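The structure appears right after this line, and notes come after that.
Along the sequence shown, the residues carry numbers beginning at 1. Please read all numbers here as calculations on a predicted model, not as lab measurements.
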Amino acid sequence: MTERSPAPGGLALIEALVNTLDIESGADALDTPEGRARVGISRDDEAEDARALRESLRAVLLAHAGHPPHREVPPLGDLLAAAPLVVRVDPADGSAALVPAGGPSLPARVAAAVAEALVAGTWTRLKACEAPDCHWAYYDRSPAGRGRWCSMQVCGARAKMRRYRAKGA
């Protein structure tokens, strides 16, 4: 849906997960083995939890853009609470990183990505498109951080055309 480059760092995982659902067509990449592999899950039984996580993330990304949740979803904090992280320190160079404590589950990898983005100051730049038939995740690289659409050529143009037509009616 978007011509934007992927989000930086671990936010790319979150962006990829949110964008597994095309709201307009209803196509859900988590229904296919290839789509599940793109976000690092392999079993069918992981897909339902991934869908709940995806929609909670979408609600947060809508909030980053100043919009209400698209529907009632479990709070993201509740879903990530079961994904504890630990600090791993490399003895060779002293570098530190947050890593999943119980293995690389999808919620743990998402929690680590959120923590990394918080430290980097990039978390609130990951947003969801305001178009109700889209809500695609995108990384807002605009200088002021006020991007509204995943694609100015598609969702932005549609919104502007609707506004223009509403004025003429």
**Asked** Can you name the salt bridge (charged side-chain N to carboxylate O under 4.0 Å, His left out) partners of Arg36, sequence neighbours left out?
**Response** Asp44

**Message:** Side-chain heavy atoms under 4.5 Å apart, restricted to Ile/Leu/Val/Met/Phe/Trp/Tyr: what other residues fall into the cluster of Leu62, or is it alone?
**Reply:** none

**Prompt:** Closest approach of Val73 and Ala59, non-hydrogen atoms and distance?
**Reply:** CG2-CB, 3.7 Å

**Item:** Heavy-atom closest pair, residues Ala12 and Ala7
**Value:** CB-O, 3.5 Å

**Sequence neighbours excluded, every pair satisfying side chain to side chain donor-acceptor pair (under 3.5 Å) that has a member inside residues 84-112** = Asp93-Ser95

**Asked** Linking Ile, Leu, Val, Met, Phe, Trp and Tyr through side-chain heavy atoms less than 4.5 Å apart, which residues share a cluster with Leu21?
**Response** Ile23

**Prompt:** What pairs with Glu72 under side-chain hydrogen bond (donor to acceptor under 3.5 Å, both in side chains), at least two apart in sequence or on another chain?
**Reply:** none

**Request:** Could you tell me which residues satisfy salt bridge (charged side-chain N to carboxylate O under 4.0 Å, His left out) with Asp28, sequence neighbours excluded, listed by chain and number?
**Result:** Arg51, Arg54

**Asked** If you look at every heavy atom in Pro100 and Ala108, which pair is closest and at what distance?
**Response** CB-CB, 3.3 Å

**Item:** Pairwise distance CZ(Arg71) to CZ(Arg58) - rounded to 0.5 angstrom
**Value:** 8.0 Å

**Message:** Whether the side chain of Glu55 engages the backbone of Ala52 through a donor-acceptor N/O pair (distance < 3.5 Å, no angle test) should be reported.
**Reply:** no

**Request:** Apply salt bridge (charged side-chain N to carboxylate O under 4.0 Å, His left out) to Glu34 and list each qualifying residue two or more places apart in sequence or on a separate chain.
**Result:** none

**Request:** List for me each residue that meets side-chain contact (heavy atoms from CB on, under 4.5 Å) alongside Val119, sequence neighbours excluded, and say none if there are none.
**Result:** none

**Item:** Nearest heavy-atom neighbours spanning Pro75 and Ser56
**Value:** C-OG, 4.4 Å

**Request:** Quick one: pull up CZ in Arg43 and CG in Asp49 and give me the separation to the nearest 0.5 Å.
**Result:** 9.5 Å

**Prompt:** Roughly how far apart are His64 NE2 and Thr124 OG1, rounded to 0.5 Å?
**Reply:** 6.0 Å

**Prompt:** Apart from Val60 itself, what residues make up its hydrophobic cluster when side-chain heavy atoms of I, L, V, M, F, W and Y under 4.5 Å apart count as a link, directly or indirectly?
**Reply:** Leu11, Leu13, Ile14, Leu17, Val18, Leu30, Val39, Ile41, Leu53, Leu57, Leu61, Leu76, Leu79, Leu80, Leu106, Val110, Val114, Leu118, Trp123, Leu126, Tyr139

**Request:** Provide the closest heavy-atom pair for Ala113 versus Gly10 in the form atom of the first, atom of the second, distance.
**Result:** CB-O, 3.4 Å

**Message:** Quick test of your reading: applying salt bridge (charged side-chain N to carboxylate O under 4.0 Å, His left out), list the pairs with at least one residue in residues 114-128, sequence neighbours left out, ordered by first then second residue.
**Reply:** Lys127-Asp140

**Request:** Would you name the heavy atoms of Ala115 and Leu98 that are closest together and state the gap between them?
**Result:** CB-CD1, 3.3 Å

**Message:** Under the ring-ring contact (aromatic ring centres under 6.0 Å, His included) definition, can you give me all pairs with a residue in residues 4-40, not counting sequence neighbours?
**Reply:** none

**Residues that Ala101 engages under side-chain contact (heavy atoms from CB on, under 4.5 Å), provided they are two or more places apart** = Pro84, Val86

